[in-house]
Amino acid sequence: MVSAVDQRGWLRIGELARRTATSTRSLRYYEQRGLIVSDREHNGYRRYSPDVVTVVNNIRRLLSAGLSIEDIKQFGSCVRSPSLDAAPCAPALEVYEQRLKILQTKIDTLQHLHATLAEHTEHLRAQLPS
(Lines give C-alpha, C1' and ligand atoms only; values in the text may rest on other atoms or scores of the structure.)
Protein backbone atom coordinates (compact mmCIF):
# COMPACT_ATOMS: atom_id res chain seq x y z
CA MET A 1 0.00 0.00 0.00
CA VAL A 2 1.23 3.48 -0.89
CA SER A 3 1.40 6.04 1.91
CA ALA A 4 -1.02 8.98 1.93
CA VAL A 5 1.97 11.24 2.73
CA ASP A 6 5.23 11.13 0.78
CA GLN A 7 8.78 11.79 2.00
CA ARG A 8 8.45 15.56 1.46
CA GLY A 9 5.16 15.74 3.32
CA TRP A 10 2.90 16.02 0.25
CA LEU A 11 -0.60 14.74 0.97
CA ARG A 12 -2.93 12.68 -1.14
CA ILE A 13 -6.51 13.87 -1.31
CA GLY A 14 -7.79 11.33 1.22
CA GLU A 15 -5.24 12.40 3.81
CA LEU A 16 -5.99 16.08 3.19
CA ALA A 17 -9.69 15.31 3.61
CA ARG A 18 -9.00 13.51 6.89
CA ARG A 19 -6.80 16.30 8.31
CA THR A 20 -9.30 19.02 7.45
CA ALA A 21 -12.55 17.09 8.08
CA THR A 22 -13.56 17.93 4.52
CA SER A 23 -14.99 15.64 1.87
CA THR A 24 -12.84 14.79 -1.15
CA ARG A 25 -15.69 16.13 -3.27
CA SER A 26 -15.38 19.54 -1.57
CA LEU A 27 -11.61 19.51 -2.03
CA ARG A 28 -12.02 18.82 -5.75
CA TYR A 29 -14.55 21.66 -5.91
CA TYR A 30 -12.17 24.08 -4.16
CA GLU A 31 -9.51 23.07 -6.64
CA GLN A 32 -11.87 23.51 -9.58
CA ARG A 33 -12.72 27.01 -8.32
CA GLY A 34 -9.02 27.89 -8.03
CA LEU A 35 -8.84 28.11 -4.23
CA ILE A 36 -6.34 25.26 -3.83
CA VAL A 37 -3.81 23.68 -6.17
CA SER A 38 -2.53 20.14 -6.50
CA ASP A 39 0.25 18.45 -8.41
CA ARG A 40 -0.32 15.16 -10.13
CA GLU A 41 1.71 12.05 -9.50
CA HIS A 42 2.79 9.89 -12.42
CA ASN A 43 -0.31 7.73 -11.83
CA GLY A 44 -2.63 10.76 -11.94
CA TYR A 45 -3.31 10.95 -8.21
CA ARG A 46 -3.58 14.43 -6.75
CA ARG A 47 -1.03 15.48 -4.16
CA TYR A 48 -1.14 18.64 -2.10
CA SER A 49 1.58 20.51 -0.29
CA PRO A 50 1.25 20.49 3.52
CA ASP A 51 0.37 24.22 3.62
CA VAL A 52 -2.92 23.46 1.84
CA VAL A 53 -4.23 22.19 5.18
CA THR A 54 -4.22 25.79 6.45
CA VAL A 55 -5.89 27.05 3.28
CA VAL A 56 -8.67 24.45 3.47
CA ASN A 57 -9.26 25.15 7.17
CA ASN A 58 -9.53 28.87 6.37
CA ILE A 59 -11.92 28.21 3.48
CA ARG A 60 -14.16 26.13 5.73
CA ARG A 61 -14.09 28.78 8.44
CA LEU A 62 -15.02 31.52 5.99
CA LEU A 63 -17.79 29.44 4.44
CA SER A 64 -19.24 28.76 7.88
CA ALA A 65 -19.21 32.53 8.52
CA GLY A 66 -21.53 33.00 5.55
CA LEU A 67 -19.05 33.97 2.86
CA SER A 68 -19.35 32.52 -0.62
CA ILE A 69 -16.65 30.89 -2.73
CA GLU A 70 -16.59 34.07 -4.81
CA ASP A 71 -16.06 36.13 -1.65
CA ILE A 72 -13.21 33.86 -0.59
CA LYS A 73 -11.55 34.11 -4.00
CA GLN A 74 -11.20 37.84 -3.37
CA PHE A 75 -9.01 37.12 -0.31
CA GLY A 76 -6.12 36.23 -2.61
CA SER A 77 -3.03 35.18 -0.70
CA CYS A 78 -4.63 36.17 2.63
CA VAL A 79 -6.42 32.81 2.69
CA ARG A 80 -3.01 31.16 3.13
CA SER A 81 -2.38 32.94 6.43
CA PRO A 82 -2.25 30.63 9.46
CA SER A 83 -4.35 33.21 11.31
CA LEU A 84 -6.71 35.19 9.12
CA ASP A 85 -7.47 37.80 11.77
CA ALA A 86 -3.97 38.19 13.23
CA ALA A 87 -2.44 40.34 10.49
CA PRO A 88 -4.19 43.10 8.56
CA CYS A 89 -5.28 41.97 5.14
CA ALA A 90 -6.88 44.64 2.96
CA PRO A 91 -8.74 42.23 0.64
CA ALA A 92 -10.25 40.41 3.63
CA LEU A 93 -11.42 43.67 5.20
CA GLU A 94 -13.06 44.74 1.94
CA VAL A 95 -14.87 41.41 1.61
CA TYR A 96 -16.09 41.54 5.21
CA GLU A 97 -17.36 45.10 4.73
CA GLN A 98 -19.14 44.17 1.47
CA ARG A 99 -20.77 41.14 3.09
CA LEU A 100 -21.86 43.19 6.12
CA LYS A 101 -23.55 45.74 3.83
CA ILE A 102 -25.40 42.94 2.02
CA LEU A 103 -26.49 41.39 5.31
CA GLN A 104 -27.66 44.74 6.68
CA THR A 105 -29.78 45.29 3.56
CA LYS A 106 -31.35 41.85 4.02
CA ILE A 107 -31.96 42.54 7.72
CA ASP A 108 -33.62 45.88 6.92
CA THR A 109 -35.83 44.23 4.29
CA LEU A 110 -36.86 41.46 6.68
CA GLN A 111 -37.61 43.96 9.46
CA HIS A 112 -39.82 45.94 7.06
CA LEU A 113 -41.64 42.77 5.99
CA HIS A 114 -42.07 41.76 9.63
CA ALA A 115 -43.55 45.13 10.53
CA THR A 116 -45.90 45.03 7.53
CA LEU A 117 -47.12 41.51 8.37
CA ALA A 118 -47.58 42.43 12.02
CA GLU A 119 -49.62 45.46 11.00
CA HIS A 120 -51.85 43.40 8.68
CA THR A 121 -52.25 40.73 11.36
CA GLU A 122 -53.35 43.26 13.97
CA HIS A 123 -55.72 44.89 11.47
CA LEU A 124 -57.37 41.52 10.71
CA ARG A 125 -57.46 40.56 14.40
CA ALA A 126 -59.23 43.83 15.24
CA GLN A 127 -61.95 43.04 12.69
CA LEU A 128 -62.79 39.64 14.21
CA PRO A 129 -65.91 39.51 16.33
CA SER A 130 -65.21 39.32 20.02
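Note that the numbering runs from 1 along the sequence shown for the chain. All figures in this text were calculated on a predicted structure; none of them were measured in a lab.
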Who are the salt bridge (charged side-chain N to carboxylate O under 4.0 Å, His left out) partners of Arg80, not counting sequence neighbours?
none

So which pairs with a foot in residues 95-130 pass disulfide (SG to SG under 2.5 Å), sequence neighbours left out?
none

Sequence neighbours left out, what passes side-chain contact (heavy atoms from CB on, under 4.5 Å) with Pro50? Give chain and number order.
none

side-chain contact (heavy atoms from CB on, under 4.5 Å) against Leu128, all qualifying residues, sequence neighbours excluded:
none

Ring pair (Phe, Tyr, Trp, His ring centres under 6.0 Å) involving Tyr30 - partner list, sequence neighbours excluded:
none

Contacts of type side-chain contact (heavy atoms from CB on, under 4.5 Å), residue Glu122, not counting sequence neighbours:
Arg125

Taking only residues at least two apart or on different chains, which pairs with a member in residues 51-65 satisfy side chain to side chain donor-acceptor pair (under 3.5 Å)?
Thr22-Arg60, Ser49-Asp51, Arg61-Asp85

Applying salt bridge (Lys or Arg N to Asp or Glu O under 4.0 Å), which residue pairs with at least one partner in residues 89-117 are found, sequence neighbours left out?
Asp71-Arg99

Suppose the criterion is disulfide (SG to SG under 2.5 Å): which pairs have a residue in residues 68-130, not counting sequence neighbours?
Cys78-Cys89

Results of side-chain contact (heavy atoms from CB on, under 4.5 Å) for Thr116 - residues two or more places apart only
His112, His120

Go through the structure and list residues passing ring pair (Phe, Tyr, Trp, His ring centres under 6.0 Å) with Tyr48, not counting sequence neighbours.
none

State which residues pass side chain to side chain donor-acceptor pair (under 3.5 Å) with Gln127; sequence neighbours excluded, sorted by chain then number.
His123

